[in-house]
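Computation of the quantities below employed the complete heavy-atom set of this structure, encompassing side-chain atoms and omitting hydrogens, waters and symmetry-equivalent molecules. A quick note: this is a predicted structure, and the numbers were derived from the prediction, not measured. Chain A is the first sequence line, chain B the second, and so forth, proteins listed ahead of strands; every chain is numbered from 1.
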Number of protein chains: 2
Amino acid sequence: MSQPGKDTKSQRRQPLERRVIAEKALELIDSDGLETLSMRRLGTALGVEAMTLYHHFRNKAELLDGVLELLVEEMEVGLVESDPPLKRLRRVFENIRQIAIRHPSAYVLVATRRFRTIATLEFYERLLQTFREAGFNAEASARYFRVLAGFVNGAGLAEVGSRGLQPDATAIILEDFSDSENFPRVTEVVPHLRVTKLDRIFAFGLDLIFSAMEMELRGLGQTACE
Amino acid sequence: MSQPGKDTKSQRRQPLERRVIAEKALELIDSDGLETLSMRRLGTALGVEAMTLYHHFRNKAELLDGVLELLVEEMEVGLVESDPPLKRLRRVFENIRQIAIRHPSAYVLVATRRFRTIATLEFYERLLQTFREAGFNAEASARYFRVLAGFVNGAGLAEVGSRGLQPDATAIILEDFSDSENFPRVTEVVPHLRVTKLDRIFAFGLDLIFSAMEMELRGLGQTACE
DNA sequence: ACCTGAACACCGTTCAAGT
DNA sequence: ACCTGAACACCGTTCAAGT
């Protein structure tokens, strides 16, 4: 993922610049929200004219892809190469949820943008390689990848929501909701959905999926319990 | 959900207007994408000055909540009251995925906005009531609601992505991706993630979760198979 | 009660011009 | 090669004014 050396500061400056710009953009999103990020504000924060940014990114969409790449990097932190494949896979999906917690305002980029840059494709490649090492063929890899990614993305967005950080928070704050007269069911369930309970629920969901994966690897179908 | 009568056209015009505006907004989102919806364009489409809309919605966020309410209505279509609770629940979550397919550009509203209007809270109330009728207590309802909603939302966004309709489609189109030299794993998995395969994968994921629900209702823990 | 038009403070992006 | 500043065609929203 890196070949150091032959990298004098003046020579390889462009990729470095891109990264510095994307990092500042992520910083601004973290502090002020995704909605308020603009090329003009980002330029100002970097002490540069807004239009200068277009020299490094073709447009705002490409800049956001740059921010996404920073988040994707975080998906592989702490991976232990010697760990069994299923354990490494679980770690990746737990990391993705952590991104939702650490970068709630930026997480929507993970959930809604497709991964179509080289760096993000390389991440997919390594991830799918791990599925294969676990013993899944292409079909099963696709299936569990989709199920896991779907679940984790939805869980991540819920995490963002529970922290009250999605666009334009107003009116009812669900966390403290209480109206047992008109909404008895909502009122009794809300305490079980507080931010502090989401850890356990997320683990429960992952357990569900990873149990199915283990069973399938052992040659038992999903309904083997019946 | 409706008490007709005492509803002369002139008397109850405001709520009707709101709905007409929201419906036109959804129409514009469906045809041109969420990004390009603006108060000005919506006004023009309705043959009215943009600023008139502010008489019916306090701001754009409230308008988007109005659009969300239209989508939430679609989540309960085709529900058969006499069906067993688990079957009704499954139907709701299948409907949610159908919304992602029918309104791909609008679906991000479902996935990223919190439900905080009266109408959406009423939907939650009915949904959680169904969990209770199935036999779940508040804790289990919260847990399976979160897991199901997470999975379905993530799956919905994937559905949107696979249809190439998220913000600013460029560069690599994953559906036709092929580069077995540099990305062998991605290349072999991509055919299994085509739009035509997502039906089966979605059903597989739902089966996983609903099997766990059935087992828990029968008093068997999640790991009862071991 | 409902709608308008001008105005304010912003956007993303293009382009010709500077060094 | 890199940056700038003016300009274009937009935004959401406020507000005083119209009927």
Taking the six-membered ring of A:Phe210, is the NZ or CZ of A:Arg90 close enough (under 6.0 Å from the centre) and on axis enough (within 45°)?
yes

Pair partner, D:dT14 [Watson-Crick or wobble, under 3.5 Å]:
C:dA6

Shortest side-chain distance from A:Tyr54, nucleotide among D:dT4, D:dC11, C:dT14:
C:dT14

Taking only N and O in the side chain of A:Ser38, is any of them less than 4.0 Å away from OP1 or OP2 of C:dC11?
yes

With A:Phe93 as reference, evaluate A:Ile209, A:Leu127, A:Asn153 under the side chain to side chain contact (heavy atoms under 4.5 Å, CB included) test and give the passing residue.
A:Leu127

Protein-nucleotide distance (B:Arg41, atom CZ; D:dA9, atom P), rounded to Å
16 Å

Please give, in whole Å, the distance from D:dC10 P to B:Asp32 CG?
14 Å

Between atom CE in B:Met51 and atom P in D:dG12, what is the gap in whole Å?
9 Å

Name the orientation class of the two ring planes belonging to B:Phe115 and B:Phe123 (parallel below 30°, tilted from 30 to 60°, perpendicular beyond 60°).
tilted

Nearest-nucleotide pick for B:Lys60, side chain only, options being C:dT4, D:dT13, D:dC3
D:dT13

How is A:Leu37 classified with respect to the nucleic acid when contacts are heavy atoms under 4.0 Å: base, sugar-phosphate, or nothing?
sugar-phosphate

Compare the minimum distances between each of D:dC3, D:dG5, C:dT13 and the side chain of A:Arg40, then state the nucleotide with the smallest one.
C:dT13

Of the nucleotides C:dA6, C:dC2, D:dA6, which one has an atom closest to the side chain of B:His55?
C:dC2

Take the protein atom CG of A:Leu42 and the nucleotide atom P of C:dC11, then report the distance between them rounded to whole Å.
11 Å

d(CD, A:Glu49; C1', C:dA17) in whole Å
14 Å

Atom CD of A:Glu17 and atom C1' of D:dC2: how far apart are they, to the nearest Å?
10 Å

What's the CG-C1' distance between B:Leu63 and D:dC11, to the nearest Å?
15 Å

Does A:Met39 reach a base, just sugar-phosphate, or nothing at all? Heavy atoms under 4.0 Å.
sugar-phosphate

Should the ring pair B:Phe151 and B:Phe202 be called parallel, tilted or perpendicular, given that the plane angle runs from 0 to 90° and is split at 30 and 60?
parallel

To the nearest Å, how far apart are B:His56 NE2 and D:dT13 P?
16 Å

Looking at B:His56, is its backbone amide N or carbonyl O close enough to the side chain of B:Arg18 to form a donor-acceptor pair, meaning the two atoms are under 3.5 Å apart?
yes

